[in-house]
Each structure stands twice: as structure tokens, then as C-alpha cells.
> 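Quick one: the structure is below, and I'll ask about it shortly.
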Number of protein chains: 2
Amino acid sequence: MDYQSAITALADPTRRIIIDRLRGGALPVAAIAKDMDVSRPAVSQHLRVLSDAGLLTVTPSGNRRLYAIAPEGVDELRRYLDTLWDDALTAFARAAEEKAKGKTK
Amino acid sequence: MDYQSAITALADPTRRIIIDRLRGGALPVAAIAKDMDVSRPAVSQHLRVLSDAGLLTVTPSGNRRLYAIAPEGVDELRRYLDTLWDDALTAFARAAEEKAKGKTK
DNA sequence: ACGAATCGTAAGCGGTGACTTACGGTAAGT
DNA sequence: ACTTACCGTAAGTCACCGCTTACGATTCGT
């Protein structure tokens, strides 16, 4: 369960832009860095972080390297948030119930 | 759609610990900061960030202030990750399909 | 009314992280 | 073979963020 590094990776705005650019499918580094307000090496560093977090897959294709979103990595985050959401809901429901009981007493 | 501040807030390890302590229900600041490796003011600052991100609700109760997880804030993150997950899956499937077609040709 | 408890905020400091420039390495084009 | 394109990495700088200490405000207890 390495959702920790995944959420840390997604905390950076630039990295979220990169992720958004990869929603349509795999892209090489140059295409990702095109028309972005940071340099290409900066994008490479971000891709490194995202890959280490398990959010991206890298497939060398001749001269270039194709980066794509790894569904499994995203799913880890999803599962963490699901448990958090469940606990929050049950706690919320119990608090409302106890508050109602306190009112009537 | 303020999932941006929510994911930034959850990026900090100390804030995730705070969130975990609130899974069972609402707690005052002193109870949250108890047996934690940071000072109470630090916890207050983190609670501030989490509240601003919409992840916590604050209800003043006399002398103390009760913090609880806000299900709606968590849900925003969930929805963001759901769309990301969907896009990642469709992109993954299409990539596999095109790769198969390339093989047969 | 006075002291204690609970909590938020201000000021200041230190460390981490994001960025740029510069460079090296590999593959493709001619 | 030589040049060009694509990409990762190293070194260095700088702003931001998390932490502590100190202080002030509000509320409870007696």
C-alpha cells in the first residue's frame, strides 16, 4: 500500500497538468513539455517522481520514451479514499444519531 | 471543484495522521495532539489547512473546538480520481487494442 | 472574581523541493 | 561517419512550508 507516495506526487500542480495531458493516452516527453511553462528537464524530473510513485508506466520506443498513466497506481489512491469516505460517513451518521438522542433526553 | 487544495492538504504525512485519528469521530484539538511528535500549535495549523481545504468541519463546543471529517470534501477527491481512473482505463484498453492490430498487420 | 484550561495566531528559523542551466548518452536521419 | 533529435542527470539557487516558542483571547471551574 504505497498510496503515500502517490498522493505526494499528485500534490504538485505541474504534475497534475502532466497527468491531465496523459489522459488521452501515452505521450513522449517532448510532447508533454510542449507549450508548458516549465523546461523539459523539469518535466523529466516530474515524470521520474510520478513513475516512482507507480502512477506512470514507461515504455522506451526507439529514440523516445512513452509515458502512460498506470491504472493500478490510481486505484491505490481510490481504495484509500474509499475507506476514508466510509469511515467519515459512519462517523457522521453516528454523530447525527447521538445528537438526536441528546435532544430528546 | 476544489479538489486541488484537498489533495495538497492530504500530501502532508502529519495531516494524514490527523485525518486517521478523526476516522472514529469528532475530537478536540488536545485529544488530536496527544502523543503526537509535533506540538499542539502545529496541529492547530494543520487543522486550519485541512479545514480550508474542505476536508474538516469545526464545531465550537464551549471551551473546545471539535473537528470532524467532512464527507463532501473527501467525495470531491473521490470524483476526481474516478474520472482519472476511467480515462486511464480507456486509454490503456485502446493502447492494447492498437498494439494487437499492429501485430496482426 | 480569579486562576486554570483550551485554543488560535504571530514571528522566526531550517529543511525540503521545484526550477534552470549545462552536460552526456543513445538513436535516427542523410 | 557526422549531424541532429530526444532524453536523463548533476549542480546550484531560491521560494515555500512545517515546526517551535511566545503571546493573547475566550471559556470553565471554584
Side-chain angles (χ1 to χ4, degrees), chain A residues 2-22 24-70 73 77 95 102, chain B residues 2-22 25-70 102:
Chain A
D2 201 15
Y3 71 94
Q4 317 246 6
S5 54
I7 205 172
T8 302
L10 285 180
D12 186 75
T14 306
R15 283 197 284 264
R16 281 196 298 265
I17 295 178
I18 293 177
I19 288 286
D20 283 338
R21 294 206 173 193
L22 292 176
L27 286 178
V29 179
I32 301 175
K34 187 74 181 300
D35 292 331
M36 205 176 290
D37 53 354
V38 292
S39 67
R40 182 198 52 80
V43 174
S44 273
Q45 294 169 2
H46 283 305
L47 290 172
R48 164 83 175 192
V49 174
L50 289 168
S51 301
D52 289 345
L55 289 172
L56 293 184
T57 61
V58 196
T59 55
S61 171
N63 207 10
R64 315 172 302 176
R65 309 184 91 206
L66 294 175
Y67 287 88
I69 303 179
L77 251 309
Chain B
D2 200 16
Y3 71 93
Q4 317 245 4
S5 53
I7 204 171
T8 302
L10 285 180
D12 186 75
T14 305
R15 283 196 283 264
R16 281 195 298 265
I17 294 177
I18 292 177
I19 288 286
D20 283 339
R21 295 207 173 193
L22 292 176
L27 287 178
V29 180
I32 301 174
K34 187 74 181 299
D35 293 329
M36 204 175 290
D37 54 352
V38 293
S39 67
R40 181 198 52 81
V43 174
S44 272
Q45 292 170 1
H46 284 305
L47 290 171
R48 164 82 174 191
V49 175
L50 288 168
S51 301
D52 289 345
L55 289 172
L56 293 185
T57 61
V58 197
T59 56
S61 171
N63 206 10
R64 314 173 304 177
R65 308 185 92 205
L66 293 175
Y67 287 89
I69 303 179

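Order of the sequence lines sets the chain letters (A, B, ...), proteins ahead of strands, with each chain counted from 1.
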> Say whether, by atom type as modelled, one donor and one acceptor occur between the side chain of A:R40 and the main chain of A:A33 under 3.5 angstrom.
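It does not hold such a pair.
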
> Starting at CD1 of B:I17, measure out to CG of B:D37 and round the result to the nearest 0.5 Å.
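Reported value, rounded in 0.5 Å steps: 6.0 Å.
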
> Out of curiosity, A:L56 CG to A:H46 NE2, how far, rounded to the nearest 0.5 Å?
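Here the interatomic distance stands at 12.0 Å.
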
> Return the 5'-most residue of the pair A:V49, B:N63 with respect to DNA chain C, ranking by each residue's nearest nucleotide.
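Taking each residue's closest nucleotide, the earlier one in sequence belongs to B:N63.
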
> Which residue in the set B:V49, B:I69, B:I32 passes side chain to side chain contact (heavy atoms under 4.5 Å, CB included) when paired with B:I18?
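Single side chain to side chain contact (heavy atoms under 4.5 Å, CB included) partner of B:I18 among B:V49, B:I69, B:I32: B:I32.
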
> Over all heavy atoms of both residues, which pair between B:Y67 and B:V58 is shortest? Give the atoms and the distance, please.
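In this case the closest contact between B:Y67 and B:V58 is CE2-CG2, 3.4 Å.
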
> Five pairs per end, C1' atoms only: what is the angle between the end axes of the helix from C:dA1-D:dT30 to C:dT30-D:dA1, to 10 degrees?
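Angle reported: 30°, given to the nearest ten degrees.
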
> Check whether any side-chain heavy atom of A:S44 lies under 4.5 Å from a side-chain heavy atom of A:V29, and answer yes or no.
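Answer yes - side chains close enough.
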
> Minimum heavy-atom separation for B:S61 to B:L66, with atom names?
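Nearest heavy atoms, B:S61 then B:L66: CB-CD1, 4.2 Å.
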
> Could you tell me which non-hydrogen atom of B:M36 sits nearest to which non-hydrogen atom of B:T14, and how far apart they are?
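That would be SD-CG2, 4.4 Å.
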
> Applying side-chain contact (heavy atoms from CB on, under 4.5 Å), can you list everything that pairs with A:I7, at least two apart in sequence or on another chain?
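Result, side-chain contact (heavy atoms from CB on, under 4.5 Å) vs A:I7: A:L77, B:I7, B:L10, B:R16.
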
> Under the side-chain contact (heavy atoms from CB on, under 4.5 Å) test, which residues partner A:A42, sequence neighbours left out?
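For A:A42 the side-chain contact (heavy atoms from CB on, under 4.5 Å) partners, ignoring immediate neighbours, are A:V38, A:S39.
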
> Chain B on DNA chain D: first and last contacting nucleotide, 5' to 3', under 4.0 Å to a heavy atom?
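Nucleotide range in contact with chain B: D:dG18 to D:dC28.
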
> Atom CG of B:L50 and atom OG1 of B:T57: how far apart are they, to the nearest 0.5 Å?
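Going from CG on B:L50 over to OG1 on B:T57, the span is 11.5 Å.
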
> Using a heavy-atom cut-off of 4.0 Å to chain A, what are the terminal contacting nucleotides of DNA chain C, in 5' to 3' order?
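Endpoints of the contacted stretch of DNA chain C: C:dA18 to C:dA28.
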
> Do any of residues 31-48 of chain B sit with a heavy atom less than 4.0 Å from DNA chain C, and if so which?
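Heavy-atom contacts with DNA chain C come from B:R40, B:P41, B:S44, B:Q45, B:R48.
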
> Between A:A11 and B:T8, what is the shortest heavy-atom contact and its length?
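Closest approach of A:A11 to B:T8, heavy atoms only: O-OG1, 3.8 Å.
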
